[in-house]
Amino acid sequence: MTLALPRRTLLLGLGAAGLASRAIAQTDRFVVPPLAPLRMEMGRITKVTVCLRPFRAAGPRLDVEKVGSKRVVHNYGHGGSGWSLSWGSAQIATAKALEGGTKRVAVIGCGAIGLTTALTLLRAGAKVTIYAADRTPYTRSVRATGTWSPDSRIADHDRIDAGFPALWDSMARSSYATWQTLLGRPGDPVAWSDRYGLADPIIETPPIAFPDRPVNAPEIRFFEQRLPGLAPRGHDLQPGQHPFPVSRARLSTSMQFNVAELAHLLTTDFLLEGGRIETRTFNTPADLQRLRQPVIVNCTGYGARALWKDESVVPVRGQINWLAPQPEVHYGLYYRDVNVLPRPDGIVVQYSGTSDMWGYGCEDETPDMAEAEAAIRTIAPLFEAPKAL
Ligand SMILES: Cc1cc2nc3c(=O)[nH]c(=O)nc-3n(C[C@H](O)[C@H](O)[C@H](O)COP(=O)(O)OP(=O)(O)OC[C@H]3O[C@@H](n4cnc5c(N)ncnc54)[C@H](O)[C@@H]3O)c2cc1C
């Protein structure tokens, strides 16, 4: 939806120094607040992390399977939406796990899906142990961007069954409702933040080249079209109503997961509420027979590809370039396929590719410094004097 905004006057010029203190005069209700500049410098990189989204064309696996004497409920394959959909997916897995009245449940995996599933089971009255090879802060989930993205690489529209859109809708809505209960907590595990979508630089320059990655698959298509009224809607800003040197800008407000604090909070809550965590690696499904619990929820994410020999799980590589934290920055932005999100543990700078397929089929978790540099160089001109753009 495009909202026509009232006319207002840009008081201060562009450039890094001006951006810190600029303000926009206005005649009525809307003001773009003064924005602290982002410091986009290679020298501010603190680390580069890589993670693999566990994509399944048909959507997450949530069926039940009998393995020897155990009932296994699967809960894996959430693509780029694992944090966003976790609570809703956990509710579905919990209902299946507790069918028949069992109260002793093992959860395999301690990422976003394992932690939320284990907590949901515990709160439904089960006695729960998590078994996992890795736990916070060493799971892939901890390397996520940390934004509400319920339709990111979650399925291929051409490969889902007829019931999937409604299932996805209910997972997204119940997750969203649960995330609202974690707002306003110390350390802001979940928060709202403004995001500026920027396009069309006033002084056109060629886009920075990113390293090539082979893409050998059809476009992933499944979009967030079914959640009207759930989250705040964005609106377009007119030139002169925002401080950025671009012709098109859109302001939205979105939910943010501060994953370091969030994963810690979920782990702590699980332990305080009586759950147990044990470090253990399973090499084949047969290894699960050694567990005491009759019901097992399989939340192994990308690990399910090897453990369950499930080749329907395809990696979609994503890299995050972390810059030193800037506590004074409270907004994110998206420009030329690069996403920037300020978090307490650092500034996330991430090339998302020209399509959701960027990184599809790539299992390489080695940081790519050329990608990091290209991402930072793409954003830097937004905070330089106009002539440098
Ligand atoms: C770059 C990037 C950015 C992302 N950003 C977002 C975002 O902003 N918002 C969002 O909602 N989602 C995002 N995602 C997606 C999200 O990170 C994933 O969907 C999510 O991490 C999947 O969680 P999981 O718990 O299924 O898997 P994992 O976090 O991988 O956890 C798997 C667990 O299972 C354990 N395990 C695996 N195999 C075995 C085994 N054989 N034996 C024992 N234990 C095992 C692991 O040790 C681990 O504890 C992003 C992903 C990437 C790559």
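Here the structure is a predicted model, which means the values were calculated and not measured. Order of appearance sets the numbers: ligands from 1, and atoms from 1 within every ligand.
Shortest non-hydrogen contact noted between F164 and P60 is CE1-CD, 3.7 Å. Closest approach of T147 and F257 over heavy atoms only: O-CE1, 3.5 Å. Taking both residues in full, the closest heavy atoms of T378 and Y335 are given as O-CE2, 3.6 Å, listed atom of the first, atom of the second, then distance.
Of all the atoms in ligand 1, the ones that sit under 4.0 Å from a non-hydrogen atom of G301 are 26 (O), 27 (O). Ligand-side atoms of ligand 1 in range of C299: 32 (C), 33 (C), 34 (O), range being under 4.0 angstrom from any heavy atom. Residue-ligand proximity, C110 to ligand 1, at heavy-atom distances under 4.0 Å covers atoms 33 (C), 48 (C), 49 (O). Remark: ligand 1 atoms within the under-4.0 Å shell around heavy atoms of G318 are 1 (C). Here is the list of ligand 1 atoms found below 4.0 Å of a heavy atom in G303: 37 (C), 38 (N). The contact set between ligand 1 and S149, taken as ligand atoms under 4.0 Å from a residue heavy atom, comprises 7 (C), 9 (N), 10 (C), 11 (O). Close approach of ligand 1 to I113 is summarised as follows: ligand atoms under 4.0 Å from at least one heavy atom of the residue are 23 (O), 24 (P), 25 (O), 26 (O). Ligand-side atoms of ligand 1 in range of G146: 7 (C), 8 (O), range being under 4.0 angstrom from any heavy atom.
Checked by atom type and distance alone, the side chain of K96 never pairs as donor or acceptor with a backbone atom of V72 at under 3.5 Å. Using modelled atom types, one side-chain atom of Q319 and one backbone atom of D368 make a donor-acceptor pair closer than 3.5 Å. S175 places a side-chain N or O within donor-acceptor distance of the main-chain N or O of G88, the cut-off being under 3.5 Å.
Considering both main-chain and side-chain atoms, V316 never comes within under 3.5 Å of ligand 1 through any nitrogen or oxygen pair. Considering both main-chain and side-chain atoms, T147 comes within under 3.5 Å of ligand 1 through a nitrogen or oxygen pair. Polar contact check, R53 against ligand 1: no nitrogen or oxygen pair lies under 3.5 Å apart. Between F257 and ligand 1, a contact under 3.5 Å exists for no N or O pair. Checked against a 3.5 angstrom limit, the closest N/O atoms of W83 and ligand 1 fall inside it. The N/O atoms of G82, backbone and side chain alike, include one that comes under 3.5 Å of an N/O atom in ligand 1.
Salt-bridge annotation for R305 and D310: absent, with no side-chain N of the basic residue lying under 4.0 Å from a carboxylate O of the acidic one.
By the criterion of a heavy-atom distance under 4.0 Å, the backbone of R280, and not its side chain, is placed next to ligand 1.
You'll find the side chain of V107 stays beyond 4.5 Å of the side chain of N75, heavy atoms only. Under the 4.5 Å side-chain criterion, counting only non-hydrogen atoms from C-beta, R143 is in contact with E365.
At the top of the distance list for atom 40 (C) of ligand 1, counting protein heavy atoms only, stands F282 O, 3.8 Å. Of the protein's non-hydrogen atoms, G80 O, 3.1 Å is the one closest to atom 12 (N) of ligand 1. When hydrogens are left out, the protein atom nearest atom 18 (C) of ligand 1 is G79 O, 3.5 Å; that is the closest non-hydrogen contact. When only non-hydrogen protein atoms are considered, atom 21 (O) of ligand 1 lies nearest to S141 OG, 2.7 Å. Among all non-hydrogen protein atoms, the one lying nearest atom 5 (N) of ligand 1 is T145 N, 3.0 Å. Looking only at heavy atoms of the protein, atom 53 (C) of ligand 1 is closest to C51 SG, 3.0 Å. Remark: minimum distance from atom 6 (C) of ligand 1 to any protein heavy atom is reached at A144 CB, 3.6 Å. If you check which protein heavy atom lies closest to atom 30 (O) of ligand 1, you get R140 CB, 3.5 Å.
Relative to atom 49 (O) of ligand 1, the option among I108, T136, D134 with the closest non-hydrogen atom is D134. The option from T300, N283, L85 that lies nearest to atom 36 (N) of ligand 1, judged by heavy atoms, is T300.
Under the 4.0 angstrom criterion for non-hydrogen atoms, R317 is not in contact with ligand 1. Within the structure, ligand 1 lacks R135 among the residues with a heavy atom less than 4.0 angstrom away.
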Exercise. Before giving the answer on side chain to side chain contact (heavy atoms under 4.5 Å, CB included), spell out for V190 and R185 the whole-Å C-alpha distance, their side-chain angles and the decisive distance to 0.1 Å.
Key: CA-CA 8 Å; V190 182; R185 300 277 294 261; over 6 Å; no
Quiz item: After noting the C-alpha distance and the side-chain angles of N258 and Q256, does the key distance pass the side-chain hydrogen bond (donor to acceptor under 3.5 Å, both in side chains) rule?
Solution: CA-CA 6 Å; N258 291 321; Q256 160 166 355; 3.0 Å; yes
Quiz prompt | salt bridge (Lys or Arg N to Asp or Glu O under 4.0 Å) assessment of K309 paired with E311 | solution = CA-CA 6 Å; K309 303 217 175 333; E311 296 198 352; over 6 Å; no
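A side-chain N or O of D194 and one of T253 form a donor-acceptor pair less than 3.5 Å apart. Checking Q350 against Y334 by side-chain atom types alone, no donor-acceptor pair falls below 3.5 Å. Side chain to side chain, S193 and H330 fail the donor-acceptor criterion of an N or O pair below 3.5 Å.
The aromatic rings of Y76 and H74 sit perpendicular, their planes meeting at an angle over 60°, well past the 30° parallel limit.
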